[in-house]
Amino acid sequence: MAAEARHLETSVPILADIDIVTARQQGRALAERVGFIGSDLTVIATVISELGRNMLTYAEKGVIRLRPHYFGGRRGIMVVAEDEGPGIVDVELALQDAYSTSKSLGLGLPGTRRLMDEFDIVSVLGKGTKVTVTKWVS
Amino acid sequence: MAAEARHLETSVPILADIDIVTARQQGRALAERVGFIGSDLTVIATVISELGRNMLTYAEKGVIRLRPHYFGGRRGIMVVAEDEGPGIVDVELALQDAYSTSKSLGLGLPGTRRLMDEFDIVSVLGKGTKVTVTKWVS
Amino acid sequence: MQVPILKQGDFLIASIQAALTDADLRQLQDDLVHRVSIYRSLGVIVDVTALDVLDSFACRTLSGIAQMTRLRGAKTVVVGIQPDVAFTLVQMGLRLEGVATTLDLEEGLALFNRPTN
Amino acid sequence: MQVPILKQGDFLIASIQAALTDADLRQLQDDLVHRVSIYRSLGVIVDVTALDVLDSFACRTLSGIAQMTRLRGAKTVVVGIQPDVAFTLVQMGLRLEGVATTLDLEEGLALFNRPTN
Ligand SMILES: Nc1ncnc2c1ncn2[C@@H]1O[C@H](COP(=O)(O)OP(=O)(O)O)[C@@H](O)[C@H]1O
Ligand SMILES: Nc1ncnc2c1ncn2[C@@H]1O[C@H](COP(=O)(O)OP(=O)(O)O)[C@@H](O)[C@H]1O
């Protein structure tokens, strides 16, 4: 069993595509510390990758915060991806499979939602976008 | 490109679990002849396995027919699994994820439906069950 | 078609050589659970490289092996799942519950020799 | 982190050694498409054993490699997809369109030497 790892919160600025690699490696490492194993580690790294790329593509830059999360006897990891980009015009649409404004696959957000246990998105036009996702150790 | 393989229809009686192995090997071989590649071959073999096992479990025996299928310029494979078992009381229910009358996973029928392009089931209580599925070469 | 089980130190390695019937799979589960008890093994590796299909029964059996050996203190790793098999499994809605997976035997053994958390 | 590409007879083998940035992946695609043309290669193998993530961009790039090399008469095989990576990919809703997959390099090469249909 992993000891509690509350103090291990980290923050990765996403300014270039190498930062996405850094963020997902840190996410995986933190997830291991929290007690995740196997394909959950891959899931967490993949989600960080998708959120990080969206920032670079649509908002030029942003920050990914990785946080051990303990609640109601459960432990997990929370990933917060926050940028000050243009925001999303239609969030409902952005969450649909295959919707993309960049000739991309349009599976980043809906895929992330499927992979994680909790998913929240707040986007304000002209202000920015904040995606908060959590996965619990099962 | 595969030459047309209309004459290659085969029929595999399912009387014991070794017959399931035979049926899925024949199904895979036929699918290759028809022109399937990669994970489609795995999909077809898996579906045959699920349908064959259901026959043994719930109807004691049955027959699996494998048939090259050409229609509207498309080519594919049709798998027909037919038994004279007890039939299914509630087909709607049997098609739902995780519904099983045998402490099994209950994913055989719904999973088969997800994997194939066409899915048809006819079941008559006291008469038997016939599942007909088709996959097209993409 | 019985599956040979190799004892290698603290680990058991089951190398599936060809397509298995449901009865073979059941036998494999019984054999592994039995030997984990006798040898007090710390880990079980099941090599499925030779399998071109993992259907719901096979998944259930592999999860069952993991669950029953865990009760005896051993961890189960399934190695050699073909990518097409992995894709199909998830598309069906199946999961290998409680089972760790690696690409090959080498990585599987490495997993045991790593400090676990 | 450039990906070394080996020419082995009629085939090209790209062995990814470590995590790649999106720019690295784009570069890999350009390099492979370019060399398939020059060498008139019949097949391309991309070894992704070292990748612990295949996200939507990586999938799109691998599918793009397959599509563009196919126009030049070559087939693409991706080898070494970790099972966990395969599971995650499908759960996300991703597919490796037009890409053949095998467990390892050996099987990948065998695929080319088999009569195709
Ligand atoms: N951080 C963001 N800022 C602004 N728009 C975004 C952001 N993330 C996603 N979007 C919008 O939502 C759409 C869907 O995103 P996603 O599902 O990740 O697919 P993709 O990135 O492949 O287009 C994007 O095409 C884009 O229009
Ligand atoms: N050939 C059949 N004859 C009678 N009942 C069947 C047959 N196939 C499936 N069923 C019924 O449908 C249910 C769901 O089937 P399935 O989705 O394959 O799951 P499972 O076989 O794991 O229970 C079974 O539990 C059984 O009650």
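None of these values were measured; they are calculated from a predicted model. Letters A, B, ... mirror the listed sequences (proteins, then strands); counts begin at 1.
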Side chain, backbone, both or neither: which part of V21(A) has an atom under 4.5 Å from a heavy atom of chain D? side chain

CZ/F57(D) to CG/L56(A) distance, rounded to the nearest 0.5 angstrom? 11.0 Å

Return each pair, listed once, that meets ring-ring contact (aromatic ring centres under 6.0 Å, His included) where at least one residue sits in residues 10-33 of chain D; pairs must be two or more places apart or across chains. F11(D)-F112(D)

Quick one: what part of L89(D) sits under 4.5 Å from any heavy atom of chain A, side chain, backbone, both or neither? neither

Under 4.5 Å from any heavy atom of chain D, what part of L107(A) do you find: side chain, backbone, both or neither? both

Atom pairs, donor to acceptor, chain A/chain D, distance under 3.5 Å:
| unit_1 | atom_1 | unit_2 | atom_2 | d |
| --- | --- | --- | --- | --- |
| D17(A) | OD2 | D22(D) | N | 3.3 |
| D17(A) | OD2 | A23(D) | N | 2.8 |
| R24(A) | NH2 | L20(D) | O | 3.4 |
| R28(A) | NE | D52(D) | OD2 | 2.7 |
| R28(A) | NH2 | D52(D) | O | 3.4 |
| R28(A) | NH2 | D52(D) | OD2 | 3.4 |
| S49(A) | OG | D55(D) | OD2 | 2.5 |
| E50(A) | OE1 | S56(D) | OG | 2.7 |
| E50(A) | OE2 | S56(D) | N | 2.6 |
| E50(A) | OE2 | S56(D) | OG | 3.0 |
| R53(A) | NE | D22(D) | OD2 | 2.5 |
| R53(A) | NH1 | D55(D) | OD2 | 3.2 |
| R53(A) | NH2 | D22(D) | OD1 | 2.9 |
| R53(A) | NH2 | D22(D) | OD2 | 3.3 |
| R53(A) | NH2 | D55(D) | OD2 | 2.7 |
| K103(A) | O | R60(D) | NH1 | 3.3 |
| R114(A) | NE | Q91(D) | O | 3.3 |
| R114(A) | NH2 | M92(D) | O | 2.6 |

